[in-house]
Amino acid sequence: LPIALVAKFGELQTDDILTEMAGRPIEGAARLAAAIRDLPPGQEVELRVVRGDQALPVRVKVGSRRCAEALDDGVERAIVWLCGQQRPDGAWDSPHPSTIGGNESQPGCAVTALVVAALAGVPSRFAPRSEAAVAKGMAFLKSRINPKGLVDSGASEAPSLSCYATSLTIIAARRKGAPPDDPDVARLVAGLRGLQAVEAWGINRLDWSYGGWYMMEPTAGGERPRVDISNLAYALHALHEAGIPADDAAFQKALPFLKRTQNVELSRPGVPDLDDGGFAFHPRDSKAGFVEISPVTVKFRSYG
């Protein structure tokens with residue numbers, strides 16, 4: 001576990017690797033945070049760190065919880081503000097009225113799902129403040145599930161961006177306690193699967209978009225919606241939250257898209273400042289720009 005964020009305390013150094021605390025192994029940041037929470041401020045504790053090729057004992061003093069208290073205050077105020085922005089129909093506006101001079105705007109499925117997923121995931125001590133808003137928001141989202149299992153806005157509402165809206169509704173439902181076999185979750189998972197750019201849409205494995213997720217369902221005879229790393233990330237996150245195993249076809253078919261998008265050295269000559277393991281926006285574009293490798297080859301910089 002790298003400990004750069006706490007290296008200012010005691011005798012710790014930036015490159016130290018923390019392995020034990022008070023004689024107990026520490027495996028990851030979550031275990032460290034849990035162990036520290038059990039200690040009162042001011043208590044000294046012995047750590048064991050790896051520094052270079054040496055294992056060393058280091059004594060540090062536990063700090064106060066002022067930072068945690070400030071964070072709690074920020075979370076509570078954020079919940080109050082978000083709940084105060086909810087529409088009577090349970091949705092949130094898209095765009096927010098403040099961005100258009102305070103004029104009336106429209107309910108948006110995608111932004112509603114984003115807010116509901118956030119509120120459904122707050123620590124349990126904050127849940128009483130957000131429960132009513134989450135329930136109303138989920139009712140709105142469920143009312144927008146279309147026959148294909150996608151969360152979709154009505155014609156008079158803001159664009160739904162079905163991939164985002166459906167993915168985040170799955171995440172919100174699971175955070176709210178819905179089991180994986182919940183009928184609504186199952187419908188949403190089926191709908192989300194239908195947005196993947198695979199054989200069902202006439203996409204073969206050699207196509208650059210294969211395995212990605214469309215922002216929304218393609219229309220007959222119309223231009224195909226974009227696939228990108230952002231839609232893919234939300235879709236895979238939602239499927240994972242829904243309990244879909246990693247060997248499922250949806251995950252396996254996403255791998256070619258991810259491999260085409262990730263900046264790693266493969267068969268071509270390496271470019272050290274570009275082959276950083278990050279991802280372009282999609283295999284043919286990046287909002288971070290590109291570098292010309294040769295007169296006929298460009299390399300898109302990592303975006304996320």
Side-chain angles (χ1 to χ4, degrees), residues 82-83 85-96 105-122 130-198 200-201 212-220 222 224-228 230-245 248-251 253-254:
L82 285 170
C83 292
Q85 306 304 306
Q86 192 172 26
R87 296 164 52 98
D89 60 7
W92 275 263
D93 284 308
S94 179
H96 189 268
S105 59
Q106 302 166 319
C109 283
V111 71
T112 297
L114 181 65
V115 176
V116 174
L119 293 177
V122 299
S130 60
E131 282 175 347
V134 169
K136 284 183 66 176
M138 283 300 299
F140 172 85
L141 293 169
K142 288 182 178 181
S143 75
R144 296 305 192 272
I145 302 176
N146 68 21
K148 294 187 177 181
L150 297 173
V151 177
D152 197 14
S153 294
S156 63
E157 297 176 357
S160 64
L161 304 177
S162 299
C163 180
Y164 291 117
T166 305
S167 298
L168 284 160
T169 301
I170 292 171
I171 293 168
R174 292 287 288 136
R175 288 177 176 175
K176 196 171 179 290
D181 59 353
D182 177 87
D184 287 322
V185 172
R187 288 169 61 201
L188 293 166
V189 166
L192 189 60
R193 287 181 182 277
L195 292 181
Q196 192 173 20
V198 291
W201 290 108
W213 256 266
Y214 292 120
M215 285 195 298
M216 58 192 73
E217 188 175 27
T219 55
R224 293 259 170 105
R226 186 180 66 213
V227 297
D228 57 52
S230 180
N231 283 285
L232 180 82
Y234 277 97
L236 295 183
H237 184 181
L239 294 177
H240 174 72
E241 290 279 341
I244 305 302
D248 184 86
F251 285 103
K253 291 182 178 183

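Small disclaimer: the values here were computed from a predicted structure and weren't measured.
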Legend entry - Side-chain touch M216/L161, heavy atoms, less than 4.5 angstrom: yes
Inset, instruction - Run the salt-bridge test on K176 and D182 with the 4.0 Å N-O cut-off and return the result as yes or no. - result: no
Legend entry - 4.5 Å side-chain heavy-atom contact, C109 and T169: no
Inset, instruction - Give a yes or no answer on whether the side chain of W213 reaches the backbone of S230 with a donor-acceptor pair at less than 3.5 Å. - result: no
Inset, instruction - Determine whether Y164 and L114 make a side-chain contact, defined as any pair of heavy atoms from C-beta on separated by less than 4.5 Å. - result: no
Inset, instruction - For A113 and L168, work out which heavy atoms get closest and say how close. - result: CB-CB, 3.5 Å
Inset, instruction - Measure across Q86 and G137 and return the closest heavy-atom pair with its distance rounded to 0.1 Å. - result: NE2-N, 3.4 Å
Legend entry - Heavy-atom check, side chain of Q85 versus side chain of V111, under 4.5 Å: no
Inset, instruction - For the pair S143 (side chain) and F140 (backbone), establish whether a donor and an acceptor sit closer than 3.5 Å, ignoring hydrogens and angles. - result: yes
Legend entry - A165 backbone acceptor or donor facing R144 side chain under 3.5 Å: no
Legend entry - Whether over 12 other heavy atoms sit under 6.0 Å from H237 NE2: yes
Inset, instruction - Of all the heavy-atom pairs spanning A242 and V189, show the shortest one and how long it is. - result: CB-CG2, 3.7 Å
Legend entry - Distance in Å, S167 OG paired with E241 CD, rounded so as to fall on 0.5 Å steps: 11.0 Å
Legend entry - For D152, side chain to side chain donor-acceptor pair (under 3.5 Å) partners two or more places apart: S160
Inset, instruction - With rounding to the nearest 0.5 Å, note down the distance linking CG in L150 to CG in L195. - result: 5.0 Å
Legend entry - Donor-acceptor under 3.5 Å (R175 side chain, A117 main chain): yes
Legend entry - All side chain to side chain donor-acceptor pair (under 3.5 Å) counterparts of D89, not counting sequence neighbours: R87
Inset, instruction - With sequence neighbours left out, write down each residue that passes side chain to side chain donor-acceptor pair (under 3.5 Å) with R187, or none if nothing qualifies. - result: D184
Inset, instruction - Kindly state each residue pair satisfying ring-ring contact (aromatic ring centres under 6.0 Å, His included) with at least one member in residues 166-188, sequence neighbours excluded. - result: none
Legend entry - Minimum-distance pair of heavy atoms, taken over all atoms of W92 and T112: N-OG1, 2.9 Å
Inset, instruction - Give a yes or no on this: more than 12 heavy atoms of other residues, nucleotides or ligands lie within 6.0 Å of atom NZ of K136. - result: yes
Legend entry - Student check: side-chain heavy atoms of L239 and D248 closer than 4.5 Å: no
Inset, instruction - Of all the heavy-atom pairs spanning P107 and D93, show the shortest one and how long it is. - result: N-OD1, 4.3 Å
Legend entry - Rounded distance (nearest 0.5 Å) linking atom CG of N146 with atom OG of S153: 10.5 Å
Legend entry - Between CD on residue Q196 and NZ on residue K253, distance to nearest 0.5 Å: 7.0 Å
Inset, instruction - Keeping to residues at least two apart or across chains, list the salt bridge (Lys or Arg N to Asp or Glu O under 4.0 Å) pairs with something in residues 105-117. - result: none
Inset, instruction - List for me each residue that meets side chain to side chain donor-acceptor pair (under 3.5 Å) alongside E131, sequence neighbours excluded, and say none if there are none. - result: none
Inset, instruction - Compare all side-chain heavy atoms of N231 with those of V227 and state whether any distance is below 4.5 angstrom. - result: no
Legend entry - Closest heavy-atom pair and its distance - A172, A120: O-CB, 3.9 Å
Inset, instruction - Evaluate the side-chain proximity of Y234 to T166: yes if any heavy-atom separation is below 4.5 Å, no if none is. - result: no
Inset, instruction - Taking the side chain as every heavy atom from C-beta outward, state whether R174 and P180 have any atom pair closer than 4.5 Å. - result: yes
